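Take a look at the structure below.
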Amino acid sequence: MIQSDNRPIYVRLADQICDRILLEEYRPNERIPSVREYAVSQQVNPATAARAFETLERQGVIFNKRGLGFFVAESAVDIIRKLRLETLLGEESDLFFSRLAVLEVSPDQLRDMYLEYLIKSQKS
C-alpha cells in the first residue's frame with residue numbers, strides 16, 4: 001500500500017480489490033479470497049477486511065453467496081470505472097485544476113501533456 005495515503009485502511013483494501021478486478025486478476029462471477037484469507041494476506045485485522053468487503057458489496061462490486069464466499073459481480077468493472085471517474089472529477093479535480101491555474105498552464109499545454117502521456121503509456 002502507498003504509505004502517504006491518508007485514507008482509512010478498509011478503503012485502501014477495497015481499492016486494491018478493485019484494482020485486481022480491473023487487471024482481470026479477479027473476473028466476473030469468480031470467487032475472491034475470503035475475508036479471513038484477505039486479512040491474513042494483507043496483514044490486517046479481519047474486521048478491517050470485512051469492512052472493505054461490506055463496502056464493495058454495498059457498491060455492487062462483489063456479492064455474497066451464502067456458504068460459498070464472495071464473488072465478483074458481472075458489472076463490477078463498469079461500477080468501478082464509474083465510481084473512480086466520479087471521485088476523480090469530484091474530489092481530485094479541484095486540487096488539480098487549482099494547481100494548474102496557479103502555474104498558469106493553458107488548456108493547450110494541458111492537452112499536449114496529456115497526449116504525450118498517452119503516447120508514453122502505449123509504449124510501456
Side-chain angles (χ1 to χ4, degrees):
M1 275 186 245
I2 298 171
Q3 297 300 326
S4 63
D5 193 339
N6 305 0
R7 298 173 305 153
I9 293 171
Y10 79 92
V11 172
R12 291 184 269 166
L13 293 175
D15 268 359
Q16 284 181 350
I17 293 170
C18 288
D19 289 344
R20 289 180 161 188
I21 292 169
L22 292 174
L23 293 170
E24 298 181 345
E25 291 177 31
Y26 300 151
R27 297 177 184 272
N29 298 308
E30 182 178 279
R31 185 182 175 279
I32 62 174
S34 70
V35 169
R36 190 174 307 280
E37 291 167 338
Y38 202 70
V40 168
S41 74
Q42 299 301 308
Q43 300 178 337
V44 298
N45 186 303
T48 303
R51 193 164 177 196
F53 279 55
E54 289 166 7
T55 299
L56 293 173
E57 186 176 24
R58 192 172 48 256
Q59 293 171 335
V61 173
I62 62 173
F63 63 93
N64 190 3
K65 285 187 182 178
R66 192 162 176 86
L68 297 176
F70 285 94
F71 292 76
V72 177
E74 187 69 39
S75 58
V77 170
D78 292 335
I79 292 168
I80 294 165
R81 286 186 177 145
K82 180 179 180 271
L83 291 170
R84 288 190 171 177
L85 185 59
E86 287 172 0
T87 299
L88 177 67
L89 295 177
E91 299 169 11
E92 298 173 9
S93 64
D94 285 342
L95 176 61
F96 177 72
F97 287 122
S98 68
R99 288 186 176 169
L100 287 176
V102 168
L103 295 170
E104 298 178 353
V105 175
S106 73
D108 288 339
Q109 288 173 304
L110 180 60
R111 185 198 65 238
D112 292 346
M113 291 171 15
Y114 182 58
L115 290 173
E116 285 178 34
Y117 167 80
L118 290 175
I119 291 167
K120 275 193 231 176
S121 67
Q122 288 175 352
K123 291 179 183 176
S124 314

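Note that the structure is predicted; figures quoted are calculated from it, not measured. The chain is numbered in sequence order, starting from 1.
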| request: Following the transitive rule for hydrophobic clusters with a side-chain heavy-atom cut-off under 4.5 Å over Ile, Leu, Val, Met, Phe, Trp and Tyr, establish whether V35 and Y10 coincide in one cluster. | output: no
Check residues 53-79 and write down every donor-acceptor pair under 3.5 Å in which the side-chain atom is one partner and the other belongs to a residue at least two apart or another chain.
residue : atom : partner : partner atom : Å
T55     : OG1  : R51     : O            : 2.9
E74     : OE1  : N29     : ND2          : 2.5

| Within-4.5 Å side-chain heavy-atom neighbours: Y26 and P33 | yes
| P46 and A39: which non-hydrogen atoms are nearest, and at how many Å? | CA-CB, 3.7 Å
| task | Salt-bridge test for D15 and R20: reply yes if a basic N is under 4.0 Å from a carboxylate O, no otherwise. | result | no
| query | Roughly how far, to the nearest 0.5 Å, is the CD atom of Q16 from the OG atom of S41? | reply | 8.0 Å
| field | Nearest-0.5 Å distance that lies between atom CZ in R111 and atom CD in E116 | value | 11.0 Å
| query | Side chains of F97 and L110: does their closest heavy-atom pair fall under 4.5 Å? | reply | yes
| field | Presence of salt bridge, K82 and E86, under 4.0 angstrom | value | yes
| said: Test of understanding: clusters of I, L, V, M, F, W, Y form through side-chain heavy atoms closer than 4.5 Å, transitively. Do L85 and I80 belong to the same one? | reply: no
| request: List for me each residue that meets side-chain hydrogen bond (donor to acceptor under 3.5 Å, both in side chains) alongside Q109, sequence neighbours excluded, and say none if there are none. | output: S106
| field | Greater than 12 external heavy atoms within 6.0 Å of R84's CZ | value | yes
| said: With a 6.0 Å cut-off (strictly less than), is the heavy-atom count around CZ of R7, excluding the residue itself, greater than 12? | reply: yes
| task | Consider only side-chain heavy atoms of I, L, V, M, F, W and Y, link residues closer than 4.5 Å, and tell whether M113 and L88 are in one cluster. | result | no
| Quick one: are I17 and Y38 in side-chain contact, heavy atoms under 4.5 Å? | yes
| Is the number of heavy atoms from other residues, nucleotides or ligands within 6.0 Å of CZ (R31) greater than 12? | yes
| More than 12 heavy atoms from other groups under 6.0 Å of CZ on R99 | no
